[in-house]
**Student:** 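One structure follows; several queries about it will come next.
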Amino acid sequence: MKKLIFFLLPFFSLAQQISKVDFIKCDALVAPHFENKTIDGTVLYQFKVLSEIDSIRIDAKNMYFSNVAINGNTVNYKNNKNELVLFEGYKKGNNEVSFSYKAMPKQTLYFVGIGEGQQIWTQGQGKYTSHWLPSFDDVNEKVVFNLSVNYDANFAVVSNGVYKGRDSKRNGIPNFNNSTWNFEMKKPMASYLVMLAIGKFEHQTETSKSGIAIENYYKPVDADKYQYTYKASKTIFDYLEKEIGVKYPWKIYRQIPVEDFLYAGMENTTATLFAQDFVVDESGYNDRNYINVSAHELAHQWFGDMVTAKSGKHHWLQEGFATYYALLAEREIFGEDYFYNALYRNALQLRKSAKTDTIPILNEKASSYSFYQKGAWALHVIREAIGKEAFQKAVKKYLKKYQFQNVETADFLNEIAAVSDFDIVKFQKEWLEEYRFQTDQANALLKKNESIRMLFEIQAQKSKSFKDKEPFFSEVMKSNAFYGLKKEIINQIEAVPFNEKEALLRLAMQTNEVEVRQSVAETVDVIPGSFLTEYESLLLDNSYDTKEVAFVNLYKNYPEKRANYLELAKNWVGKNDKGLRILFLSYYLDFNYSNANSAQYSQYFYELLEYTSPKFESNVRQNAFESTLFLEPKNNKVLKNLVNAMIHPKWQLVKYARDTIRTLLKKEGYRELFSSYLNDLPELEKIQLQRLLEEK
């Protein structure tokens, strides 16, 4: 019976352990190996035994251990493939345990890319760092982690903390092809925040007003995108330090974009990893920029990294705070109207989701939208009720009191109660324990903003005829009103016949606002000759999204001008997903299919084919798969690359590949074709394909 409890309830065991054993510091030397996707290393933990305990556990998934010693003496141990279990050699008071380990992580440590484009990066939250570094899955065990990383000297390596230099040795032994990078932390953190990133990176350093170095990383090929990717990073840092009222809690801050990252960003202590998709040029900045993600992950350095929720039930104390402070930072950059319109959009979604999502914030099973967006709204309600100064005072006291510790919701609300007469009991019931969104309360706060009041006025026009509301809409379109209001107007009149709304659309085009013109591109399906010249001007807009919509629509509406549009688009590349380049290649190849034997056709098809390969990120590959399977559905290289996509770390591409292969297997000839590949495939790909072939 004890064994059953031991295996099924490791977190319960660790929770009991924390009250009796305190792990203080970790010094680890790790060496990842790209060629076989493994990692090995040596680890030294300092820990203190507070009271008698018969076994001490370190989480370690599917690892192999050797040279296990406590206080310098070799000891016996147990390895159940989930934990390293220590049961002898330690004493009450201070102790050390050291060991060597090896692992082939199935998650958390990811190896992506090929050759010079290879990258290695981690994602600890939700995945457990214990898959690649023996550590602690319980967020309440906070440790000072100092990592040294041994890898190919031609790459750049980043980990948590201050960089202390590198040398050409590993464990004191010369290692001339590799270098060992050394990083040092001074304050404790939860294990899920330990990070590692390796790749061909360069970086530039900016300095905050408070003197903190902000290192912003990028691939050398993206040097010209630096100014747009990190356009507001220093502004955000300085703003958050001032707004939060507590100095940035660490000694360094880094931001590193990595390929095929699982999420938008991750707030590892001192070093945020974020998706390569946010590395943008000027046009990409207008479509989707890094500002919100940058502010969100930076806010986590206080809310989540320095002060960490004790359990999933209180997760909103991390995500709600980070989301709200990111919105406040965006208000600093984009203005009051942007801020209120963002709150409004979130309110709409929360009200809609509450129809099916009945789990409140104070529940570890709550949705991400509840933790993030509703959590942010809850904080906005408090801040508006007690005022900015009182809110800042409470937040400052909360962070100072619980710095480098773990917290519950009551810890924060008690600080609010200490600086105001705010009814925290009523608030908790309405916003944290009730799944419904408090629409009336939210609307009252939203109406403090003039643009929201005007938005509601525009929405009230829906039941009126276009003739009756056209004068009002024209005045708004001519004004300097927030662009979201003009988009609302264009969307509202989408079904109005073109000849009636043409004058209003021309006004919209004349605003020269990217977002407004894009709405015109999206809502005008049939392009009359009288509007053609103006619509064609959208092809020159500073937005890749606008270019794509306009190109497809013009191509469909004016077949006689397709060659002209293709000529205009031939040098387009687009965002990180190469969307515009793949769009051009697809349309060109389809348009010139009768000349499939020409050198130009072959060159373009080969380029498109290459985009399906592991050389490229998942979003590029998925775009290219769609086009190549349409143009040449039984191309062997495409189908083999589709099989390869099933072992990719990004679940979206894996799902796409599996679903596509399942669909193809139902069609004539494909089962035989895929079966013929089996003997030539690498083992992991062979296993995945065999499973699909055996499905009934």
**Student:** For the residue pair Asn341 and Ser451, establish whether any side-chain heavy-atom pair is separated by less than 4.5 Å.
**Tutor:** yes

**Student:** Could you tell me if the ring centre of Phe23 sits under 6.0 Å from that of Phe136?
**Tutor:** yes

**Student:** Between Tyr110 (side chain) and Thr108 (backbone), is there a donor-acceptor pair under 3.5 Å?
**Tutor:** yes

**Student:** With rounding to the nearest 0.5 Å, note down the distance linking CG in Leu327 to NE2 in His296.
**Tutor:** 10.0 Å

**Student:** Among pairs that include at least one residue of residues 347-365, which meet salt bridge (charged side-chain N to carboxylate O under 4.0 Å, His left out), considering only residues two or more places apart or in two chains?
**Tutor:** none

**Student:** Keeping Asp222 on the side-chain end and Lys225 on the backbone end, is there a donor-acceptor pair under 3.5 Å?
**Tutor:** no

**Student:** Hey, does the side chain of Ser353 reach the backbone of Leu350 with a donor-acceptor pair shorter than 3.5 angstrom?
**Tutor:** yes

**Student:** Please report the interatomic distance CG(Leu399) to CD(Gln405), rounded to the nearest 0.5 Å.
**Tutor:** 11.5 Å

**Student:** Kindly write out the residues that satisfy ring-ring contact (aromatic ring centres under 6.0 Å, His included) with Phe456, not counting sequence neighbours, or none if the list is empty.
**Tutor:** Tyr344

**Student:** Considering residues at least two apart in sequence or located in another chain, which fulfil the side-chain contact (heavy atoms from CB on, under 4.5 Å) criterion with Glu494?
**Tutor:** Thr523

**Student:** Indicate the ring-plane relationship of Phe339 and Tyr324, choosing parallel, tilted or perpendicular according to the 30° and 60° boundaries.
**Tutor:** tilted

**Student:** Classify the side-chain pair Thr308/Lys142 by whether it contains a donor and acceptor separated by less than 3.5 Å.
**Tutor:** yes

**Student:** Evaluate the side-chain proximity of Ser370 to Tyr435: yes if any heavy-atom separation is below 4.5 Å, no if none is.
**Tutor:** no

**Student:** How close do Ser479 and Lys486 get, heavy atom to heavy atom, and via which atoms?
**Tutor:** O-NZ, 2.9 Å

**Student:** Between Asp541 (side chain only) and Thr546 (backbone N and O only), is there a donor and an acceptor less than 3.5 Å apart?
**Tutor:** no

**Student:** To the nearest 0.5 Å, what is the distance between CG on Asp137 and NZ on Lys127?
**Tutor:** 13.5 Å

**Student:** Do you know the tightest heavy-atom contact between Lys310 and Asn140?
**Tutor:** O-ND2, 3.0 Å

**Student:** Ring pair (Phe, Tyr, Trp, His ring centres under 6.0 Å) with Phe261: which of Phe274, Trp121, Phe278?
**Tutor:** Trp121

**Student:** Could you pull out the closest heavy-atom pair between Tyr228 and Tyr285, with the gap in Å?
**Tutor:** O-CD1, 3.5 Å

**Student:** So which of Tyr402, Phe321, Phe303 actually passes ring pair (Phe, Tyr, Trp, His ring centres under 6.0 Å) with Phe412?
**Tutor:** Phe321

**Student:** Provide the closest heavy-atom pair for Ala394 versus Ile416 in the form atom of the first, atom of the second, distance.
**Tutor:** CB-CD1, 3.6 Å

**Student:** Count the heavy atoms belonging to other residues, nucleotides or ligands that lie under 6.0 Å from NZ of Lys247, then report whether that count exceeds 12.
**Tutor:** yes

**Student:** Could you tell me which residues satisfy ring-ring contact (aromatic ring centres under 6.0 Å, His included) with Tyr338, sequence neighbours excluded, listed by chain and number?
**Tutor:** Phe334

**Student:** Look at Asp411 together with Lys401 and state whether they make a salt bridge at an N to O cut-off of under 4.0 Å.
**Tutor:** no

**Student:** Return yes if a side-chain donor-acceptor contact under 3.5 Å exists between Asn286 and Ser543, otherwise no.
**Tutor:** no

**Student:** Counting C-beta onward and ignoring hydrogens, is there a side-chain heavy-atom pair between Met189 and Asp305 closer than 4.5 Å?
**Tutor:** no

**Student:** If the condition is ring-ring contact (aromatic ring centres under 6.0 Å, His included), which residues does Trp316 pass it with, not counting sequence neighbours?
**Tutor:** none

**Student:** If you look at every heavy atom in Ile424 and Leu413, which pair is closest and at what distance?
**Tutor:** CG2-O, 3.5 Å

**Student:** Could you label the plane-to-plane angle of the Trp302 and Tyr248 rings as parallel, tilted or perpendicular, counting under 30° as parallel and over 60° as perpendicular?
**Tutor:** perpendicular

**Student:** Once you measure the plane-to-plane angle for Tyr372 and His315, does it fall in the parallel (<30°), tilted (30-60°) or perpendicular (>60°) bin?
**Tutor:** perpendicular

**Student:** With a 4.5 Å cut-off on side-chain heavy atoms, are Lys388 and Arg383 touching?
**Tutor:** yes

**Student:** Tell me every residue that passes side-chain hydrogen bond (donor to acceptor under 3.5 Å, both in side chains) with Lys448, counting only those two or more places apart in sequence or in another chain.
**Tutor:** Glu384

**Student:** Holding to side-chain hydrogen bond (donor to acceptor under 3.5 Å, both in side chains), I want the full list of residues that pass it with Glu297, two or more places apart in sequence or in another chain.
**Tutor:** none

**Student:** Please name the residue in the list Val246, Asn406, Leu317, Val407 that meets the side-chain contact (heavy atoms from CB on, under 4.5 Å) test with Val307.
**Tutor:** Val407

**Student:** Under the salt bridge (charged side-chain N to carboxylate O under 4.0 Å, His left out) rule, what pairs show up with a residue in residues 266-278, not counting sequence neighbours?
**Tutor:** Asp277-Arg288

**Student:** Only pairs at least two apart or in different chains count here, so list each side-chain hydrogen bond (donor to acceptor under 3.5 Å, both in side chains) that has a residue in residues 255-265.
**Tutor:** Asn216-Gln255, Lys219-Glu259, Ser233-Gln255, Gln255-Tyr290, Gln255-Ser294, Asp260-Ser618, Asp260-His648

**Student:** Less than 3.5 Å apart, which donor and acceptor atoms pair up between the side chains of residues 436-444 and the rest of the protein, not counting sequence neighbours?
**Tutor:**
unit_1	atom_1	unit_2	atom_2	d
Arg436	NH1	Glu434	OE2	3.0
Gln438	NE2	Glu430	O	3.2
Gln441	OE1	Trp431	NE1	3.2

**Student:** Using a strict threshold of under 4.0 Å (side-chain N to carboxylate O), is an ion pair present between Lys242 and Asp238?
**Tutor:** no

**Student:** Mind running side chain to side chain contact (heavy atoms under 4.5 Å, CB included) on Gln125 and Gln318 for me, showing each step along the way?
**Tutor:** CA-CA 12 Å; Gln125 188 171 36; Gln318 296 175 189; 4.2 Å; yes

**Student:** Test side chain to side chain contact (heavy atoms under 4.5 Å, CB included) on Ile214 and Thr205; report intermediate values, then the result.
**Tutor:** CA-CA 5 Å; Ile214 306 168; Thr205 303; 5.9 Å; no

**Student:** Carefully, step by step, assess Asp281 and Asp224 under the rule side chain to side chain contact (heavy atoms under 4.5 Å, CB included).
**Tutor:** CA-CA 7 Å; Asp281 58 15; Asp224 60 343; over 6 Å; no

**Student:** Do Gln373 and Tyr369 have side-chain atoms, one donor and one acceptor, less than 3.5 Å apart?
**Tutor:** no

**Student:** Between Asn160 and Thr270, is any side-chain donor less than 3.5 angstrom from a side-chain acceptor?
**Tutor:** no

**Student:** Taking side-chain hydrogen bond (donor to acceptor under 3.5 Å, both in side chains) as the definition, give me every residue that meets it alongside Tyr217, ordered by chain and number, with sequence neighbours left out.
**Tutor:** Glu215

**Student:** Dump the intermediate steps for side chain to side chain contact (heavy atoms under 4.5 Å, CB included) on Ile256 and Thr272, then the final yes or no.
**Tutor:** CA-CA 6 Å; Ile256 310 100; Thr272 285; over 6 Å; no

**Student:** For Lys234, is the NZ atom crowded, meaning more than 12 foreign heavy atoms sit under 6.0 Å from it?
**Tutor:** yes

**Student:** Is the shortest side-chain N to carboxylate O distance from Arg517 to Glu515 below 4.0 Å?
**Tutor:** no

**Student:** Suppose the criterion is salt bridge (charged side-chain N to carboxylate O under 4.0 Å, His left out): which pairs have a residue in residues 317-339, not counting sequence neighbours?
**Tutor:** Arg331-Glu336

**Student:** Is the closest side-chain donor-acceptor distance between Gln518 and Asp545 under 3.5 Å?
**Tutor:** no

**Student:** Which atoms form the tightest heavy-atom contact between Asn576 and Glu617, and what is the distance?
**Tutor:** ND2-OE2, 2.7 Å

